[in-house]
Amino acid sequence: MNSNDNPPEQNAYLKELNALFIPLDGMENLDRMVKAIGDADIVLLGEASHGTSDFYRVRAELSKKLITSKGFNIIGVEGDWPSAYRVNRYVKGMEGADSSAADALGDFTRWPTWMWANTDIRDFTEWLKEYNEANHGGGSVRAKVGFYGIDMYSLWESMEAIIGYLEETNSPQLKQARRTYACFDPYSRDHQSYGIAAGLLSESCEKEVVELLQQMQSRRMAYPGSEEELNAEVNMLVTSSSEAYYRTMVRGGPQSWNIRDKHMVESLKRIMSYYGASAKAIVWEHNTHIGDARATDMMADGMVNVGQLLREDPEHRVFAIGFGTYQGEVLAGRAWGSPVEKMTVPPGQPESWEYYMHQAGGGRNGMIMLSDASSMLHTTIGHRAIGVVYEPAHERFGNYVPSSMADRYNAFVHLDRTTALQPLPILQPVATDALFSE
C-alpha cells in the first residue's frame, strides 16, 4: 500500500514515525539506545512472542552493551527460579556447576521448553560465563553478573530446594518444610488438580505455606548475605506466590495474573537487595509484562504488570523497551502442551503498530525513542502479542492489544522480518496446565 492511499490522519502518523525512525543496520545503532537509557537502574526488554530468535539476539547484544559499558549485573528472565539458578551457577562458576551452557539449561523441561532452552540463550550464557571469568575471575560470587528466573510456576521444585537447603544447614524449620511438602503430595505435582481442590473445594495448603514462610523469615540465617541464602529466600517466595496463584486461577478474573506479576517484581527486588548499592538489572519478559499496563486495556480489566509496578516505585529509574515484528516465523504450539511448530507470522494488520512501523521503515529494522514522540504516538492502536499457543489464521481475533505506545514503552525496536528460535534437545519435557496468558 502506498502512503498516498492512506487517509490524512494515517499519513500524519507515518510522517512522525519516519522522523523518529532510526535504522538498525547490524547492531551499531544500539549505542544510541544505551545512551538513551541514561542512569536507569532497571531496563526492561520485551518481546512480542516467546518463539522469535531475533528478539533474543538483539536483547542479548543490548544486554552485553549495558553490562560492559554501564555496569549492569543482573539478568532476570520470565523463567522458573530453580531452572535458571542452575544457569546462574554456571555463569558464576559456582561449586557443582555444569561443564557447558547447554547442560546448564537442562532443567528447562516445563512446556514451553524452547523459551529458554534454545541456541540464542545457550550462546548468551556462554558469553556471560566468559565475561565473568575475564572480569571477575578472582572476585566474589556477588561481584559477578547473575542469571535469575523471576517467575513462580515451580511450586514443587522450589519446595524440594528449600528442604534440601534446610537439611544441609540442620535447620529447625525442616520439620515444618516437610509437613508443608506433604500437604501437596496428594496432587502428584499436578498444578491444575491442586488449583481445583484449593480454589473450588477449599482444600488448600495455604496454612502450611504461611507457617513455613513465617518461620523462615524469623529464623537466624545460616549463611547471611550469601547466594545460597538468596536461593532459599526466593524459593520460599516462589512457594508462597505459586500456591496463591494456583488457588486463585480456577476462579478466573485478574487476581492470578496480578499475583504472578507482583511476584516477579518482588523477586527482582530481593535479587537487587542482595547485590546492594551496585545493583542494576536487565529483565527479559514478554511485552505484556514489561509494557506499562496502564497504557493498554489491561487496566480496565483490573490487571497490573511488572512495567507498571516498577514505574510506580520511586526507588528505581526504569527504562522499558518494547519489541515487535511485521512478519516472519515463530515457534509455538497449536494448543497447550502440543508439539512445538515453526509457524508463519502473517504481515501486521492494517492500522496496527506493526503495519505503521513497516511502512515508516520501508521494510528495514529500526527503533524509535518514544520519549521524543508527540501526541500522535499517544493515541491507542493495536499492537501484536503472540503467546506460546498460537494460530496465525485467527490472530486478528485476539492477538492485538490496544496500546498507547508512547505511554507503554520508553523506546521500541522493530524487526521487520524475523526468524524462529532454534530449540535445544531437552529430555522429558513436562506439559502442565495452561498457565501462560501472553
Side-chain angles (χ1 to χ4, degrees), residues 1 3 6 10 13-34 36-37 43-63 65 120 284-288 290-292 295-296 307 319-330 344-374 376-386 395 399-421:
M1 183 184 218
S3 62
N6 293 328
Q10 293 185 27
Y13 199 85
L14 284 171
K15 183 178 180 180
E16 179 173 356
L17 281 178
N18 275 316
L20 296 174
F21 193 93
I22 303 169
L24 189 58
D25 302 319
M27 297 293 174
E28 293 79 8
N29 277 336
L30 286 180
D31 290 332
R32 297 178 67 171
M33 186 75 78
V34 172
I37 287 167
V43 174
L44 307 176
L45 302 181
E47 59 182 352
S49 80
H50 289 310
T52 301
S53 174
D54 305 72
F55 298 151
Y56 286 68
R57 180 174 53 84
V58 176
R59 290 189 302 185
E61 292 305 314
L62 187 52
S63 297
K65 289 178 179 292
D120 290 295
W284 291 29
E285 294 188 325
H286 199 278
N287 288 339
T288 51
I290 68 95
D292 197 318
T296 73
F319 195 95
I321 306 172
F323 282 71
T325 184
Y326 180 66
Q327 63 185 330
E329 302 171 336
V330 68
T344 298
V345 177
Q349 292 286 307
E351 299 182 41
S352 67
W353 179 252
E354 287 69 26
Y355 169 81
Y356 285 127
M357 286 295 287
H358 171 71
Q359 291 274 315
R364 295 174 298 172
N365 294 337
M367 58 189 182
I368 63 171
M369 306 304 170
L370 288 160
S371 56
D372 299 330
S374 70
M376 183 71 69
L377 295 185
H378 290 273
T379 58
T380 299
I381 61 173
H383 175 25
R384 180 157 51 194
I386 296 174
E395 74 161 29
N399 285 92
Y400 284 82
V401 179
S403 303
S404 170
M405 300 300 287
D407 298 306
R408 192 173 182 186
Y409 309 115
N410 298 99
F412 189 81
V413 174
H414 171 76
L415 302 172
D416 200 72
R417 183 180 290 271
T418 49
T419 57
L421 286 170

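The first residue in the sequence is number 1, and the count goes up from there. Any value given below was found using the heavy atoms of this structure, including those in side chains, with hydrogens, waters and symmetry copies removed.
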Check: How about Ile321 and Met33: do any of their side-chain heavy atoms sit closer than 4.5 Å?
Finding: yes
Check: If you look at every heavy atom in Ala360 and Asn18, which pair is closest and at what distance?
Finding: O-OD1, 2.6 Å
Margin query: If we count only N and O atoms by modelled type, under 3.5 Å, do the side chains of Tyr400 and Glu395 hold a donor and an acceptor together?
Written below: yes
Next item on the list: Would you mind reporting whether Leu421 and Phe55 have side-chain heavy atoms less than 4.5 Å apart?
Entry: no
Checklist line | Interatomic distance, Arg59 atom CZ to Leu30 atom CG [nearest 0.5 angstrom] | finding: 13.5 Å
Notebook entry, point to check: What distance do Gln359 atom CD and Tyr13 atom OH have between them, rounded to the nearest 0.5 Å?
Noted result: 12.5 Å
Next item on the list: Over all heavy atoms of both residues, which pair between Thr52 and Glu329 is shortest? Give the atoms and the distance, please.
Entry: OG1-O, 3.8 Å
Next item on the list: Please tell me if the side chains of Arg384 and Pro346 come closer than 4.5 Å, counting only heavy atoms from C-beta onward.
Entry: yes
Note to self: Does either side chain, that of Asp407 or that of His378, offer a donor lying less than 3.5 Å from an acceptor on the other one?
What the structure shows: yes
Checklist line | Side chains of Ser371 and Asn410, donor plus acceptor under 3.5 Å | finding: no
Note to self: For a 4.5 angstrom cut-off between non-hydrogen side-chain atoms, does Trp353 reach Leu17?
What the structure shows: yes
Check: With side chains defined as the heavy atoms from C-beta onward, is the minimum distance between His414 and Thr325 less than 4.5 Å?
Finding: no
Check: For the atom pair CG (Asp31) and CG (Asn29), what is the distance rounded to the nearest 0.5 Å?
Finding: 8.0 Å
Notebook entry, point to check: Side chains of Met369 and Ile22: closer than 4.5 Å at any heavy-atom pair?
Noted result: yes
Note to self: Quick check: closest heavy atoms across Ser53 and Asp120, and the distance to 0.1 Å?
What the structure shows: OG-OD2, 2.8 Å
Note to self: Contact between His286 and His50 at the side-chain level, heavy atoms closer than 4.5 Å - yes or no?
What the structure shows: yes
Next item on the list: Considering non-hydrogen atoms only, spot the tightest contact between Arg417 and Asn365 and give its length.
Entry: N-OD1, 4.3 Å
Margin query: Using the rule side chain to side chain contact (heavy atoms under 4.5 Å, CB included), only one of Leu45, Leu44, Ile290 pairs with Glu285; which is it?
Written below: Ile290
Next item on the list: To the nearest 0.5 angstrom, please state how far the OG1 atom of Thr288 sits from the CD atom of Glu47.
Entry: 8.5 Å
Notebook entry, point to check: Nearest heavy-atom pair of Leu415 and Phe323: which atoms, and what distance?
Noted result: CD1-CD2, 4.5 Å
Margin query: If I compare all heavy atoms of Met357 with all of Phe412, which pair ends up nearest, and what's the gap?
Written below: CE-CD2, 4.1 Å
Next item on the list: Mind checking the CE-CG spacing from Met405 to Leu377? Nearest 0.5 Å is all I need.
Entry: 9.0 Å
Notebook entry, point to check: Is it true that the side chains of Thr419 and Asp54 contain a donor and an acceptor less than 3.5 Å apart?
Noted result: yes
Check: Between His383 and Tyr409, is any side-chain donor less than 3.5 angstrom from a side-chain acceptor?
Finding: yes
Item checked: Electrostatic pair Arg364-Asp416, nearest N-O below 4.0 angstrom -> no
Notebook entry, point to check: Would Tyr355 and Ser352 count as a side-chain contact (heavy atoms from CB on, under 4.5 Å) if you check the C-alpha gap in whole Å, the side-chain angles of each, and the deciding distance to 0.1 Å?
Noted result: CA-CA 5 Å; Tyr355 169 81; Ser352 67; 3.5 Å; yes
Item checked: Spacing of CG belonging to Leu20 relative to NZ belonging to Lys15, to within rounding of 0.5 Å -> 12.5 Å
Check: Would you say Ser403's side chain and Val401's backbone share a donor-acceptor pair under 3.5 angstrom?
Finding: yes
Note to self: Within the 4.5 Å heavy-atom criterion, are Val34 and Leu62 side-chain neighbours or not?
What the structure shows: yes
